[in-house]
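To start, the structure under review is shown below, and the notes come after it.
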There are 2 protein chains.
Amino acid sequence: MEKSNCTCTENEISKICKDFHGTIEFIGKRWMGIIIYQLLKGPKRFHELVENIPGISDRLLTERLRDLEKEGLVSKKVLVPSQKKVEYELTPGGKELEAVITSILHWVKTRQK
Amino acid sequence: MEKSNCTCTENEISKICKDFHGTIEFIGKRWMGIIIYQLLKGPKRFHELVENIPGISDRLLTERLRDLEKEGLVSKKVLVPSQKKVEYELTPGGKELEAVITSILHWVKTRQK
DNA sequence: AAAATAACTTACCAAAAGTAAGTTTTTAAG
DNA sequence: CTTAAAAACTTACTTTTGGTAAGTTATTTT
């Protein structure tokens, strides 16, 4: 096994690297960032998301919301069963992404100057 | 113009939203995150990046490095002209992405528990 | 009674990413 | 000295993902 200049083993490093990569590929999927950004403001209905995210299509929004549900980051509430009223909300785990989003917002702002 | 419950005008909000979206779509491109992560450790040669990023192809690595150069986040040094020795390094602007990367790393770690 | 809204789904086309092979120069090996 | 391997790409081709448009079903509005 190779030497490393930190306290992690090679396996730990490659695991972190792999998890990091998987995670950033997931939250970096197209539209994902701005969907999370919108949901951080509070629960939103499907059409509210469409309206607040210029350019997104309902097909992709559906797909992304399913991805987020599968990862347990978003929960779907059916407001009135047997009616087309649903609401999407970040789970506690999803809300922990706030720091990621704000760090990107901060970077965006510093670049604009 | 609609009312808004913050101090920004509608135009300012939509500009931030647009810039944020553009930025996150850029740094969220496939492989981008892990390339930046690797470069935060210091300058790296092309083949070092290939070796440290499992699964990436040289075609996509080239493409992403060009993207990063265009945005002024990475600089390419030709170590020996007329020779195949180059090195890629984050610019000061690129290094400011560290906070973004560490916030994602942090999120990854808290999720693992 | 007809039109619009909500939250999707299906089908099709375009763009991006993956894969594999080829190129040029340079270094290493036999 | 000839051959092989490495470095940093480029080109061509296939697969996957994303974009666009239309259709669906059940409510709500006009």
Side-chain angles (χ1 to χ4, degrees), chain A residues 2 18 20-39 42-71 73-90, chain B residues 17-18 20-39 42-71 73-90:
Chain A
E2 277 182 45
K18 197 166 151 277
F20 169 77
H21 180 61
T23 302
I24 204 167
E25 293 295 294
F26 178 78
I27 63 174
K29 276 188 170 187
R30 205 161 292 174
W31 302 108
M32 209 53 122
I34 203 160
I35 292 170
I36 295 164
Y37 173 72
Q38 292 295 334
L39 289 175
K44 288 250 178 321
R45 298 199 45 194
F46 188 86
H47 72 274
E48 291 179 300
L49 289 169
V50 172
E51 284 153 23
N52 286 305
I53 302 173
I56 201 172
S57 66
D58 43 5
R59 193 182 77 80
L60 263 281
L61 178 56
T62 304
E63 206 170 304
R64 285 302 105 91
L65 288 168
R66 297 290 161 273
D67 293 339
L68 288 163
E69 280 181 85
K70 255 183 233 163
E71 285 295 309
L73 301 175
V74 160
S75 63
K76 176 182 179 174
K77 253 187 240 165
V78 179
L79 294 180
V80 184
S82 87
Q83 221 171 324
K84 299 242 163 174
K85 277 196 181 178
V86 297
E87 198 172 63
Y88 292 94
E89 186 176 14
L90 289 175
Chain B
C17 191
K18 201 166 150 275
F20 169 76
H21 180 61
T23 301
I24 204 167
E25 291 295 293
F26 178 78
I27 64 173
K29 276 188 171 186
R30 204 162 294 175
W31 303 108
M32 209 54 123
I34 204 162
I35 293 169
I36 295 164
Y37 173 72
Q38 291 296 333
L39 289 174
K44 287 252 178 322
R45 299 198 46 195
F46 187 87
H47 72 275
E48 291 180 301
L49 289 169
V50 172
E51 285 154 23
N52 286 304
I53 302 172
I56 201 171
S57 67
D58 42 6
R59 194 182 79 78
L60 264 281
L61 178 56
T62 304
E63 207 170 303
R64 285 302 105 89
L65 288 167
R66 298 291 160 272
D67 293 339
L68 288 163
E69 278 180 85
K70 256 183 232 162
E71 285 295 309
L73 301 177
V74 160
S75 64
K76 175 182 178 174
K77 254 188 239 164
V78 179
L79 293 180
V80 184
S82 85
Q83 225 171 321
K84 300 239 162 177
K85 277 196 181 178
V86 297
E87 199 172 63
Y88 293 93
E89 187 175 13
L90 289 176

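Protein chains get the first letters and strands the later ones, always in sequence-line order, with residue 1 at the start of each. In this text, all values refer to a predicted model and were calculated from it rather than measured experimentally.
- Contact annotation: H47(A) does not reach the phosphate of dT5(C) (side-chain N/O to OP1 or OP2, under 4.0 Å).
- To the nearest 0.5 Å, atom CG of residue D67(B) and atom CZ of residue F26(B) are 5.5 Å apart.
- Taking only side-chain nitrogens and oxygens, K44(A) never comes nearer than 4.0 Å to OP1 or OP2 of dA6(C).
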Under a 4.0 Å heavy-atom criterion, the protein footprint on nucleotides 10-23 of chain C, written with B, S and -, is BB----SBBB----
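- Taking atom CZ on F46(A) and atom C1' on dT5(C), their separation rounds to 13 Å, with Å as the unit.
- Summarising the geometry, the separation between NZ on K77(B) and C1' on dA7(D) is reported as 18 Å, rounded to the nearest angstrom.
- Across the protein-nucleic acid pair, K85(A) atom NZ and dT25(D) atom C1' stand 17 Å apart, rounded to whole Å.
- Whole-Å rounding puts the E25(A) CD to dG18(D) P distance at 11 Å.
- If you measure from atom CG of L65(B) to atom P of dC9(D), you get 8 Å, rounded to the nearest angstrom.
- Partner of K44(B) under the side chain to side chain contact (heavy atoms under 4.5 Å, CB included) criterion, chosen from E51(B), Q38(B), E87(B), E89(B): Q38(B).
- The distance from the CD1 atom of I27(B) to the CG atom of L73(B) is 9.0 Å, given to the nearest 0.5 Å.
- When all heavy atoms of W31(A) and R64(A) are compared, the pair lying nearest together is CB-CG, 4.5 Å.
- Atom-to-atom distance recorded for H47(B):NE2 and D58(B):CG is 13.0 Å, nearest 0.5 angstrom.
- Residue D67(A) contributes atom CG, which lies 14 Å from atom P of dC8(C) at whole-angstrom precision.
- Distance CZ/R30(B) to CD1/I35(B): 12.5 Å, rounded to 0.5 Å.
- Counting only heavy atoms from C-beta on, R45(B) has its side chain closest to dA7(D) among dA7(C), dA7(D), dC9(D).
- Side-chain N/O atoms of Y88(B) include one lying less than 4.0 angstrom from OP1 or OP2 on dC9(D).
- Summarising the geometry, the separation between CG on L79(B) and P on dT26(C) is reported as 14 Å, rounded to the nearest angstrom.
- Checked against side chain to side chain contact (heavy atoms under 4.5 Å, CB included), R59(A) has the following partners two or more places apart in sequence or in another chain: S57(A), E63(A).
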